[in-house]
Each structure stands twice: as C-alpha cells, then as structure tokens.
Amino acid sequence: MASHVPIEKVRNIGISAHIDSGKTTLSERILYYTGRIHAIHEVRGKDGVGAKMDSMELEREKGITIQSAATYAMWGDHNINLIDTPGHVDFTIEVERALRVLDGAILVLCSVSGVQSQSITVDRQMKRYRVPRLAFINKMDRAGANPYRVKDQLKEKLGHNAALITMPIGAEDRFEGIVDLLTMQAWYFEGANGEHVKKTNIPAELVEKAKELRHELVATIADLDDKVAEYFLNDQECPADELRAAIRRATIALKFTPVFCGSAYKNKGVQRLLDGVVEFLPNPTEVVNEAHDQNNNEEKVVLASDPTKPFVGLAFKLEDGRYGQLTYMRVYQGRAMKGDFIVNMSNGKKVKIPRIVRMHADEMHDINEANAGDIVALFGVECASGDTFTDGTVKYTMTSMHVPDAVISLAIAPKDKSAANNFSKALNRFTKEDPTFRVHRDEESAQTIISGMGELHLEIYMERMKREYNCEVIAGKPQVAYRETVTQRGEFAYTHKKQTGGSGQFARVCGYIEPLPPDAVQQYEFVDEIVGGAIPREFIPSCDKGFQEAAKKGSLIGFPVVGIRCVINDGAFHAVDSSDMAFRTAAIMAFREGYAAAKPAILEPVMKVEIQAPEEFQGAVVGQINQRRGVIVSTETRENYFVCTAEVPLNEMFGYSTDLRSATQGKGEYTMEFAKYAIVPKAQADAMIAEYQKKAASERR
C-alpha cells in the first residue's frame, strides 16, 4: 500500500488549465496507465458512465468539472497524489485551494487555442503559491495543432522560460507519437488504449528537427546551470542524466518549465508526461513550507517533512459526505494516527481522529496513519476551510488561501414554504464548503441574498439544492455588487450636541475625506492627525468605528463606500458630556457631510471577457460588445477563428450567452473574470440614484 513509500518518492500534483483543454480526460488516462481504473470513460461519454474524476451527476451532465477531485496512483515505485481542478473561472476557489497544498502542477494547454484567458489566471495562481510546473500541450490530434506556437506563447504571454522535452511525430490526423529529446528516441503508443510503449530510432526525416530542438533545450538549460553550460560551451554532447538533473533543479527553482506534447484523448504521450512528473517535479521535502508561530509573535517557521516532528496539517477543503463532514487535509509535518487527538488552532478545540481515508474520486480507502507529505481525508473533524491543526505541543498556523470578492448576488427563496428547513441546511453546508459562496440576509427587504463568482456558480448551487436537498428555489434578478467612492477631497466639521435631562451628549469632529490612490491595497484608511489633545486618546477609536459604520452604506445608492481615507485633525470635547457613543455618532454625521462635499461616484464591476468565434461573425460579435458598453482591448485571428478580449460592465453581461449563441449559430464561446471597478457614466448613475431615492421614499411612507 502507498503508505510505505519513502517521502522522496511522493509527488503531490494538480492538473489545471483553461476550460475544455482536456484536464479531466488527462486525469482519466493517468488513472488508467497507473492501473487505478481498468476502463476508460470519456467526459461526455456515450456509455453514460462519465469520467471517474467527475463524480457529481451535474458534472457529468454539463461535461465540466465543478469540484476538485482527489485521487492517488502508483507510477513505478512513486506515489502520485493527484488533484484534478475545474477550469471554469466561476470555480476559481477550487483551483486556489488545490494549489495551496500542492508541491507541483501540470498546466494543460490546447495545441490549437494555446494560452487562453483562463490559462493566464491559473498561471497567476501558480505563481502566487510558487508552484513548480510542467506544461502539457494536449489535443495534438486536432486540426490546426501547432505545439511550437503554443511554446512561444508560454514565453510571450506567461513569461515562462520554456523548452520542449518531447517533440511530436506528425500532427493533426497524422499524429503518430513523440520524440524524447533527452534520450533521442521515438516513442509509439500501441494497443487499444496506447498502453504498449514502443521505443525506436527517430524517423530519418525528423532527425534534423530533433537535433535542432535538443540544441535549443540544452542552450536554455545552459543559461541556468553551470554543469550543462560547460558541455554546451565546449560543443560536447550533454549526457541525458546530467541534463535531466539540471532540468529538475531549474524546474524546482521556478526558473524553467519543461514542455511535453501529446493527445490524452488519442492515448499518446501520457506515459512520458508521468515520467516527467517523477523526474522533474519536487517531492514534499524539496518545497519550503512556512507556518507562523503564535507563541513567538507570528514569526515564520519552516516546517520539515519529517514524521518524527510535532504534527502540523492544513484542512484545505470540506465536503459533506454520506457519513458526515469529510475534511481534506495536507500533512506538512509529523504524523497523525487513527485515534490521535489533534488541536484546531483557530479555536483551540481538541478533537479525536475517528477515521483516516485516502480518496479516489468518490471512493474511500481506510488507512491507519498519515505522514508528512500525504494528502488524506478525515471523518468527524469539525472545522472551517483553511484551519490549521497541530498535536497541541506547538502553536503554528499556516496562512490560508486568497479568497476573491464576490461579484454577483441573487435574492432567493424556497418555492415551497415547507422546504425552509432544507433550504437553510443547504445554505449552511455550501457556505462552509466554499468560501466564495456567501449568504446574508437583507434586513430592509427581508430577503436571503446569495453572492458568488458568476452566474454559472450560483446556478450550480441552486441546481444542487433542488437535487441534493429536494428544495426548489425562486431567484430574483441578479444584483451586481456596486460600490461607491469619492473623487475629490471633502471637508467636514460636525458638532453633535444633545441635551436631555441628566448628562447630555457632546462631540465635535473636524477633518476631511479624500480618495485613496488607485493602486492602494486596502479600501479604507483612517488617519489621526489630532494634536494638543483636541479629542482625547480614548475617543479616537470611536471616531474610526463611526466612519467605518457610515462607509457601509453610501448615500447615493446605498452600497458600501470604498477607496477612501478619513482624516481627523481637530475637534472638541466636554469633560462630562463626551462619550464613546457621542463621538461615534458625530463621526457618522461628519462622514455624511464630508461625503456629500467630496463629489461621490458609483463604481461598477467590469469584467474581462474573452470571446472566440469563427471569423465570419466578427462584425456581429464586436457590435454586441459595443451595445453592452464594452471596450475592446485586443483582437487576433488564428486559423479562421478570431479571439477578442474586451472589458464589459458586469451589469451588461446578463443573458449574453444566449445572444452570442444566436449571433454565431452556436459556434461562439466566451469566458469572463473580474477585472476592476470603474466609475458608472453620468446618465446611468443619475438613473440609479433616482431609483434608489424613489425606493427609499416609498419605504418611509
């Protein structure tokens, strides 16, 4: 069983890419060649079984991956823990949480489309967590396949130092196999599912091309590695083993990306990629994992992948299984045995581990212990996504992952009042599992509002409520997450006086509100410039609280105010009548006064949209974007297809998929992700403000 594998032979890897690049198909082949499954099923298979890694019914119907699935496999004497992640931008958090705990990754690219918008997002996430990676150029059997162009795009668009490790023999419908440029051998994949690998000499007509590409590979590595540079400068042949070791060093140091090519669907080139995972990606001991020591002022501690050290693990994903909550955990240090007690660092609670399993998509295999470097799942351990666990002897916490802000909200309610109980159960579970799915109750309209990363994201959750909880929901019109801000400096000087029987209330707050610079990280800043004790120290935090409270709801359309700096520089107090409450109220009123003077504006989320369609529809597509207040950033044409990148306000994107399909005879497709907030044009802003005031007036009546 895999638990006896020495840690040097463990690889924790993820597969991520743009939607429809063939990630799940590739995972399926990896499982087949490593003997984990004995029959191959396609993602949109005719046999109705669907891919092993897409275990949710919804995933099989839509042919997309929604939740990342975990599995493990043996390749030779190496244990590979594999996580297949979604490519759709709405499920970005699934990619984030997988990369947070992985040591290496495979970036899958389509040989025809190359580097697409989502590949750029995934690449950015890999850079954020410093994950070494291999690139796999898939779909070599498709018309228009060109791996050399894709390799150049890796350099130009993503800034990778990349070179081919394998070169294709033929392409499109004549794609036959690959040439391994390290050993200079041709590989052919025979048998019904390409399981028999035949290695022979390189076909005569390709020898020159192969030599040229090997020279390019050696030249690239020579720039990064002194040993290889010696061979290169002396015009000597670099032995395959030396080159392999140098590529490994450069890949782990994030200086180089080895590129493989093949076709997962046609069963060619996957075995060589698996060899590449073992040869070039790091084992858990070769990656630096840091934690913060809570006993020592959050000082950084490097965790050792050593089973004898105190246990440290990170719960990176939760799932509600048939037998209660399933907690996926990456063990970074030490070991955990069945029956051990572990401590949750976020609340200090001690829990017993009743059961440890290894996951294989939706099947489970019981094990007795988990060692450093393992990815396992635990039952009966209550926690939230991103919690750190230790054995209680150390107080370490791992940094949790980056969670993007929601961009779209919907008001939802159960169709049938009797399903209210299931409705709240479902919402509880989904918010615990997915940090980008948020729920709150709007007190004014008494509605339940769900927010998420896009229309598809919320649609999937509503569909899951219906299927898994037997609770149909009615949804209102999607509500965009607008924001308000100020465009210039606005002064305020407000005195709050209230005289009732007994002690009164008195506070005076003076200062100004101004916009923060556009590149500021935080959205609110409080500056205290009080001198000479005009406002006593103990009341300063109350002013800050008052400003924050007032900023929760702007006066234009009632959305939060962002990108502001509130400065107080003067004020007055009364020895008896001043209190925290008085200064808080004064700050709220002062904020409103300053806000009105600072030329407030409404901000709307603008999405980066990438559209692909056949060339003949270019006019229609561009026309549609212009109608939707979009700005075209770039267009390029590849093989009778044009790709257009535009920035379009989210509010204008509702119903776009239907319009795009009808304008392109169903051949156009698009992806979108959040780009930035931008100021709403005046005419529209005026209409929104008028509508908000009308609504507020009717509520007051």
Side-chain angles (χ1 to χ4, degrees), residues 405 438 440-446 449 451 481-517 520-603 689 692-693 695-697 699-700:
D405 286 336
R438 300 172 173 89
H440 73 274
R441 190 169 168 76
D442 184 4
E443 293 309 328
E444 286 172 17
S445 58
I449 312 284
S451 327
Y482 289 104
R483 294 285 178 264
E484 296 184 25
T485 191
V486 297
T487 55
Q488 64 177 44
R489 180 168 159 159
E491 307 275 341
F492 55 78
Y494 186 82
T495 309
H496 171 61
K497 257 196 287 205
K498 207 171 186 185
Q499 211 55 49
T500 48
S503 67
Q505 287 186 10
F506 178 86
R508 178 171 168 79
V509 180
C510 308
Y512 57 89
I513 296 174
E514 63 179 2
L516 280 169
V521 181
Q522 73 274 50
Q523 294 296 331
Y524 165 84
E525 201 178 291
F526 173 69
V527 181
D528 163 22
E529 287 181 2
I530 296 289
V531 283
I535 299 177
R537 284 280 125 237
E538 67 264 28
F539 296 138
I540 303 285
S542 307
C543 298
D544 184 11
K545 279 190 192 130
F547 289 140
Q548 286 193 42
E549 197 170 311
K552 280 185 188 156
K553 201 170 176 190
S555 52
L556 298 179
I557 54 167
F559 275 88
V561 182
V562 296
I564 48 164
R565 179 184 287 130
C566 297
V567 181
I568 51 171
N569 52 23
D570 197 8
F573 72 103
H574 185 280
V576 180
D577 291 355
S578 287
S579 63
D580 280 336
M581 194 60 223
F583 272 101
R584 197 165 166 172
T585 312
I588 292 175
M589 302 314 287
F591 180 91
R592 289 181 189 159
E593 186 181 297
Y595 187 61
K599 283 223 171 136
I602 300 170
L603 296 173
I689 293 167
Y692 176 69
Q693 285 167 346
K695 189 175 141 199
E699 278 169 8
R700 277 199 297 272

A.B. asks: Which residue, K497, H574, K498, forms the side-chain contact (heavy atoms from CB on, under 4.5 Å) with Q505?
C.D. replies: K498
A.B. asks: Are the aromatic ring centres of Y692 and Y482 under 6.0 angstrom apart?
C.D. replies: no
A.B. asks: If we only count heavy atoms from C-beta on, is the Y512 to N569 side-chain gap below 4.5 Å?
C.D. replies: yes
A.B. asks: Check for a donor-acceptor pair, side chain of E484 on one end and backbone N or O of L556 on the other, with a separation under 3.5 Å.
C.D. replies: yes
A.B. asks: Looking at CZ of R489 and CD of E514, how far apart are the two atoms once the value is rounded to the nearest 0.5 Å?
C.D. replies: 6.0 Å
A.B. asks: Is it true that a side-chain atom of Q523 and a backbone atom of G563 form a donor plus acceptor pair closer than 3.5 Å?
C.D. replies: yes
A.B. asks: Just verifying a value: how many Å separate R508 CZ and I535 CD1, rounded to the nearest 0.5 Å?
C.D. replies: 10.0 Å
A.B. asks: Quick one: pull up NZ in K552 and CZ in F559 and give me the separation to the nearest 0.5 Å.
C.D. replies: 16.0 Å
A.B. asks: Do Q548 and K545 make a side-chain contact, defined as non-hydrogen atoms from C-beta onward lying under 4.5 Å apart?
C.D. replies: no
A.B. asks: Run the side chain to side chain contact (heavy atoms under 4.5 Å, CB included) test on V561 and Y524 for me, step by step, so that the C-alpha distance in whole Å, both residues' side-chain angles and the decisive distance to 0.1 Å come before the verdict.
C.D. replies: CA-CA 9 Å; V561 182; Y524 165 84; over 6 Å; no
A.B. asks: Provide the closest heavy-atom pair for F583 versus F573 in the form atom of the first, atom of the second, distance.
C.D. replies: CZ-CB, 3.8 Å
A.B. asks: Tell me the closest heavy-atom pair linking G594 and I513, and the distance in Å.
C.D. replies: C-CD1, 3.9 Å
A.B. asks: For residues Q488 and A598, report the shortest heavy-atom separation together with the two atoms involved.
C.D. replies: O-CB, 3.2 Å
A.B. asks: On a heavy-atom basis, which atom in D580 and which in E538 lie closest, and how many Å separate them?
C.D. replies: OD1-O, 3.7 Å
A.B. asks: Are any non-hydrogen side-chain atoms of I540 and F526 less than 4.5 angstrom apart?
C.D. replies: yes
A.B. asks: Sub-3.5 Å donor-acceptor pair from the side chain of T485 to the main-chain atoms of V562, do we have one?
C.D. replies: yes
A.B. asks: Suppose we screen for side chain to side chain contact (heavy atoms under 4.5 Å, CB included). Which residues come up paired with A481, at least two apart in sequence or across chains?
C.D. replies: R483, Y677
A.B. asks: Using only atom types and a distance under 3.5 Å, with no angle test, would you say the side chain of S578 pairs donor to acceptor with the backbone of A507?
C.D. replies: no
A.B. asks: Roughly how far, to the nearest 0.5 Å, is the CZ atom of R584 from the CD atom of E549?
C.D. replies: 4.5 Å
A.B. asks: Please find the pair of heavy atoms, one from V509 and one from A587, that lie closest to each other, and give the distance.
C.D. replies: CG2-N, 4.3 Å
A.B. asks: Kindly determine whether I568 and F547 satisfy side chain to side chain contact (heavy atoms under 4.5 Å, CB included), including the steps that lead there.
C.D. replies: CA-CA 11 Å; I568 51 171; F547 289 140; 3.6 Å; yes
A.B. asks: Among all residues two or more places apart in sequence or in another chain, which pass the ring-ring contact (aromatic ring centres under 6.0 Å, His included) test with Y494?
C.D. replies: none
A.B. asks: Can you list the steps and then say if F539 with I530 is a side chain to side chain contact (heavy atoms under 4.5 Å, CB included)?
C.D. replies: CA-CA 11 Å; F539 296 138; I530 296 289; over 6 Å; no
A.B. asks: Given 3.5 Å as the limit, does a donor-acceptor pair link the side chain of E593 with the main chain of A493, or not?
C.D. replies: yes
A.B. asks: Could you walk me through whether I602 and I689 satisfy the side chain to side chain contact (heavy atoms under 4.5 Å, CB included) test, starting with their C-alpha distance in whole Å, then the side-chain angles of each, then the deciding distance to 0.1 Å, before giving a yes or no?
C.D. replies: CA-CA 9 Å; I602 300 170; I689 293 167; 4.0 Å; yes
